[in-house]
Protein chains: 2
Amino acid sequence: MKSMQKIYNKNCFNFRKQKKFCMKKIFLFILFCGIAFRGVAQKSLQEKLGYPKDSKLLILHADDLGMSHSVNAATIYAMENGSVNSASIMVPCAWFPEIAAYARTHPMTDLGLHLTLTSEWNFLKWGPVASKTEVPGLINKNGFFYLTVDSVQRIGKPAEIEKELRAQIEKAKQFGIDITHLDSHMGTLFGNIDYLKILIKLGREYKIPVLLTKAGFRQAFNVNLDTVINDKDVALDMIYTASPDDYKKGMENYYTSVFKSLQPGVSIVIFHTGYDDSELRAATIDHVDWGAAWRQADFNFFTSVQCKKLLKDQNIQLITWREIRDKLLR
Amino acid sequence: MKSMQKIYNKNCFNFRKQKKFCMKKIFLFILFCGIAFRGVAQKSLQEKLGYPKDSKLLILHADDLGMSHSVNAATIYAMENGSVNSASIMVPCAWFPEIAAYARTHPMTDLGLHLTLTSEWNFLKWGPVASKTEVPGLINKNGFFYLTVDSVQRIGKPAEIEKELRAQIEKAKQFGIDITHLDSHMGTLFGNIDYLKILIKLGREYKIPVLLTKAGFRQAFNVNLDTVINDKDVALDMIYTASPDDYKKGMENYYTSVFKSLQPGVSIVIFHTGYDDSELRAATIDHVDWGAAWRQADFNFFTSVQCKKLLKDQNIQLITWREIRDKLLR
């Protein structure tokens, strides 16, 4: 999450500039081919989904399910009683079976996979779903995933990455999870063009949307998304997530500001609901950022009456990955 | 633990009968060989350790470290503030690194390995330390250890068992744990003569004592311990652990009765300290026996003033596996 944080922050600029550039390219393409262009590609994502052009559609998304009971319990509560309407699961983690059991008994819950290649905490660890001998470049000497995104990106071979991602997807399916979307724990898969291609390939193969946005992707990850996606792939308009600075200033301020400045389009706010209890404090020990108190603050905001009121006042409509998947990819 | 429980209960009869039988065999052996018998073999374990023959030596031992933060935290508290003086660690579990970190900073704590081949809970799971492709007979279709001892014993090949046990021992050493003893989660290794031989072989090789007792071993596990151990191996006199019936009648009653009836020799009481908190309640969901409340009851007794007073009143001396290891095996 730490790297992802920086990434997302850079990523949060107005997507219109990028879109303008994209339109220019499409125009040249039409001229070149001499084909009658019917305007489908000009449609915004919200229009493709059947909403008016000025709709402000938002996914309120919790990461890291499966990591600990505290995260599972808090996120389930926030989905059932708060405003959270989507979340993603870390298949390699010890508490994965708990959230998988919930997914089976609550099949309409919007649950995707938080594809995982790092094990970033000190006291609570995990390793690959694939056999260790099959993915030697993804594990440290203790058999766990590496601590940092940088280590994965320096050492992890694309063939091993694909093997491990497939193993996570297949295990989730085996556990009865109806996977609504794919994203990447700590953004590991976004910052390497080869990894990103694998992620997008898997999304297409399984007909599952992948968390992507053209807005700021190149700036954040040094990857030109236009070279790897096509018009059939889903790319959201904006991704928001709180930075350590935002946390210091108060999560309520940050999310209020996001909601108030939200533009028409399909956006996502990514956060980390959890309880500030002894389990999560021990799991995130020596980490203030994305620690237990941080996750409790996220929980507090997204289960608040104020959050619900803000969404209503700002005329924001919640949308799930399942709706996107089923309308556009299946 | 469930199977182990039944096993230990059957196991708790007076060890003297067994000892008498053993002495008879030794006598015949002396006659046969015509060798002057110097009485070394007649020495009781407490005498071998340098204590008087009438000493009541006891290990107060907590199982399942590494399984969850709740178990780690409660057991560390009970070792530092209560009467618990020994514990064993499950290397394959997600919270293993937390207790390993404690072991490194508290090198005199008496910590052994709770060698693990089962994953008995529903929501919190673990699998082998060895690569899955190396131990295919030890995992289910989800890549976790089997739920029951019976499944392991029906399917697990000895060569795979040895590979996995070695991987657990080597990983613990790699994490800086000074392993004081070896025992077996849910008693899986005791009920199969081939597994037991591997366990004993590893104990000899690493010069680490193994949890064994001649008293009742055949009745409990249908294995004749005399055929697999020799005079140099350590075998305790008695093993005590609470059964579901004991739990229903109150842990205080059970442990008080054990302490009051304790005979001279070297005995061990095995229990499961943990906090009855949300993490452990979720981990042990649908299990009353060995569940969170059970573990809290164990914690309560072994951190009580009453426990300390009873030990003193009954003239019971605590002894660690480290003392046994260092005096007899190194």
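Lettering of chains follows the sequences in order, A, B, ..., and the numbering in each one begins at 1. Quantities reported herein were computed from a predicted structural model and do not represent experimental measurements.
Atom CG in L117(A) sits 9.5 Å away from atom CD in Q153(A) (nearest 0.5 Å). Atom CG of L138(A) and atom OG1 of T116(A) lie 12.0 Å apart (nearest 0.5 Å).
Shown here is Y77(B), whose OH atom has no more than 12 heavy atoms of other residues, nucleotides or ligands within 6.0 Å.
Heavy-atom distances place both the backbone and the side chain of A282(A) under 4.5 Å from chain B. Using a 4.5 Å cut-off between heavy atoms, S70(A) makes no contact with chain B at all. Neither the backbone nor the side chain of Y275(A) comes within contact range of chain B, judged by heavy atoms closer than 4.5 Å. Looking at A283(A), the atoms closer than 4.5 Å to chain B (heavy atoms on both sides) sit in the backbone and in the side chain alike. If you measure heavy-atom distances from W126(B) to chain A, you find no contacts under 4.5 Å at all. Of the two parts of Q174(A), only the side chain, counted from C-beta on, holds a non-hydrogen atom closer than 4.5 Å to a non-hydrogen atom of chain B.
The backbone N or O of W121(A) lies less than 3.5 Å from a partner atom in the side chain of K125(A), making a donor-acceptor pair. Between the side chain of R281(B) and the main chain of G291(B), no donor-acceptor pair closer than 3.5 Å is present.
Heavy-atom pairs under 4.5 Å with chain A peak, among V129(B), N72(B), D277(B), L280(B), at V129(B). When each of I139(B), N122(B), I99(B), N142(B) is checked for heavy-atom pairs under 4.5 Å with chain A, N142(B) comes out on top.
Of all non-hydrogen atoms in V210(B) and G203(B), the two that sit nearest each other are CG2-CA, 3.9 Å.
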